[in-house]
2 protein chains.
Amino acid sequence: MSEAVSALALAARTGQAGEEPAYDLIELFFFAYRDFVSDPDRILAEYGFGRAHHRILHFVARRPGMTIAELLDILKITKQSLNRVLKELIDKGYVEQRPGQSDRRQRLLWPTNQGRELALRMARLQTRRIARALAGDDGEEAIRRFLIGMIDPVERAKVRNRLSGAKLGA
Amino acid sequence: MSEAVSALALAARTGQAGEEPAYDLIELFFFAYRDFVSDPDRILAEYGFGRAHHRILHFVARRPGMTIAELLDILKITKQSLNRVLKELIDKGYVEQRPGQSDRRQRLLWPTNQGRELALRMARLQTRRIARALAGDDGEEAIRRFLIGMIDPVERAKVRNRLSGAKLGA
DNA sequence: GGGATATGTCAACAAACCTGACGTATTCGA
DNA sequence: TCGAATACGTCAGGTTTGTTGACATATCCC
């Protein structure tokens, strides 16, 4: 047990990383993500939605009252790209727009009940997969640290704020 | 230390998963993957390639002599979709096709030197990110278990075989 | 009042996926 | 040995989701 640190983590520490690429982790990450997004895909198909709809709905449901600008910064896509998909979610009654209180140029995004339910349904499915992956394991904190570490340093602070501040923006 | 098991892992154990969705892990996974694939994106742009090229080249470089069928099973896309991108990689000299020895219907895929180098360049970049994420952490095995657990059960055995058998198929 | 900001929109295009149908070469089993 | 199954390629057309560039509108702030 407690078998010191892996060669990779050690290499990172000493600064001499990159002898042998971490092929297994690279591929595991690919396979894990491939299947992770396949869960919601099945539900979305029932509604005639795609992955883009899921991403938007998820963040709107999690952070009610978000601005367009913040959503763009999270998704890293253009506003034209966002708008096409967002419009469908609004037309079909999953998301609503309300003018900002302090700044009336903003059109804050809110989930409808329908939207909240759909988002929750997909989150539950993904949670089931995560729970299964964690079953009987006590390394959850290590995983959290790892995932945070995978994020661009510049983005990391933003993500932390978003995670802790979620749902409080309401 | 050794602070028992998380609520989520516990819920998975006891079978009563899914009270509260694991929003933080869901989102961390999204952000981590978003940035993970952005590394190779920059390199690919130099060559006029996209993410699809990367995935194909990666697996061909890792498992020289792979069949089309196996690649399709890994990527979970249609052969028409694969072929368009694969053709470009062949035309530009990053991948070669050779008839199978035992079964001459097969057109086995091999990386060229050029292809191997490009694949390695991107793998190194992703490894650097992974090494940074693991720096000073001893939870690498927990992460590996987690990622494997995220994969569809049916696929898991295949992935295990692929990981351990990689590069031996040559 | 005028510039910056937040957002929307029109148009054209590209990457990367899809379905469906059909063709060819090769293998394998009755 | 012949016919079905398999491995792969390809033609055609469609969808989703991203892009760039340009321009319009409403609001805020100095």
Side-chain angles (χ1 to χ4, degrees), chain A residues 30 33-34 37-38 40-60 65-92 95-110, chain B residues 30 33-34 37-38 40-60 65-92 95-110:
Chain A
F30 165 77
Y33 196 78
R34 180 196 67 179
V37 295
S38 77
D41 276 358
R42 278 172 236 119
I43 293 182
L44 291 161
E46 299 171 20
Y47 296 77
F49 288 151
R51 289 178 189 176
H53 300 85
H54 178 208
R55 290 195 288 272
I56 293 172
L57 182 58
H58 170 91
F59 286 109
V60 169
M66 203 175 23
T67 67
I68 297 285
E70 192 185 352
L71 188 51
L72 286 175
D73 185 56
I74 287 175
L75 300 177
K76 306 289 182 202
I77 58 175
T78 60
K79 66 178 170 176
Q80 294 91 327
S81 205
L82 169 63
N83 232 278
R84 194 178 340 109
V85 183
L86 178 58
K87 219 182 298 183
E88 291 179 57
L89 285 169
I90 293 171
D91 287 347
K92 295 191 180 174
V95 172
E96 277 179 8
Q97 280 186 319
R98 302 182 203 161
Q101 308 262 334
S102 53
D103 187 339
R104 285 182 12 236
R105 290 172 302 179
Q106 298 176 331
R107 308 195 194 172
L108 306 185
L109 300 169
W110 297 78
Chain B
F30 164 77
Y33 196 79
R34 181 195 69 180
V37 295
S38 77
D41 275 358
R42 278 172 235 118
I43 293 181
L44 290 160
E46 297 171 21
Y47 295 77
F49 288 151
R51 289 178 188 177
H53 300 84
H54 179 207
R55 291 195 288 270
I56 295 172
L57 182 58
H58 171 92
F59 286 108
V60 169
M66 201 174 25
T67 66
I68 296 286
E70 193 186 351
L71 188 50
L72 286 175
D73 185 56
I74 287 174
L75 300 176
K76 305 287 182 204
I77 59 175
T78 61
K79 65 179 170 177
Q80 295 90 327
S81 207
L82 170 62
N83 232 277
R84 192 185 346 105
V85 183
L86 178 58
K87 218 183 297 184
E88 290 180 58
L89 285 169
I90 293 171
D91 287 348
K92 294 192 180 174
V95 172
E96 277 179 8
Q97 279 185 318
R98 302 181 204 162
Q101 308 262 331
S102 52
D103 186 339
R104 280 171 26 230
R105 288 172 302 180
Q106 298 176 330
R107 307 193 194 172
L108 307 185
L109 300 169
W110 297 79

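The model shown is predicted, which means the values in this text are computed figures rather than measured ones. Hydrogens, waters and symmetry mates are skipped; everything else that's a heavy atom, side chains included, is used.
With D:dC8, C:dT7, C:dC17 as the choices, the nucleotide that has an atom nearest any side-chain atom of A:Arg107 turns out to be C:dT7. Nearest nucleotide to the A:Lys79 side chain, out of D:dA22, D:dT10, C:dA6: D:dA22. With C:dT7, D:dC28, D:dA22 as the candidates, the nucleotide lying closest to the side chain of A:Ala69 is C:dT7.
Using a 4.0 Å cut-off, some side-chain N or O of A:Lys87 falls inside it from OP1 or OP2 of C:dT9. One finds no side-chain N or O of A:Asn83 lying less than 4.0 angstrom from the OP1 or OP2 phosphate oxygen of C:dT7. Regarding contacts with the backbone of D:dT17, every side-chain N or O of A:Ser81 stays at 4.0 angstrom or more from both OP1 and OP2.
If you check every strand for non-hydrogen atoms under 4.0 Å, A:Arg84 touches a base. Looking at heavy-atom distances under 4.0 Å, B:Gln97 makes contact with sugar-phosphate atoms alone, never a base.
With hydrogens and angles disregarded, no donor-acceptor distance shorter than 3.5 Å links the side chain of A:His58 to the backbone of A:Arg55.
Comparing A:Asp103 and A:His53 along DNA chain D, the residue whose closest nucleotide (by nearest heavy atom) sits nearer the 5' end is A:His53. Both A:Arg104 and B:Gln80 lie near DNA chain D, and the one whose nearest nucleotide falls closer to the 5' end is B:Gln80.
In this entry the distance linking CG of B:Asp41 with P of C:dA15 reads 13 Å, nearest Å.
A:Arg51 has its side chain within reach of A:Asp41: a pair of non-hydrogen atoms, C-beta onward, lies under 4.5 Å apart.
Listed by chain and residue number, A:Arg162 satisfy the salt bridge (Lys or Arg N to Asp or Glu O under 4.0 Å) test with A:Glu70 (two or more places apart in sequence, or in another chain).
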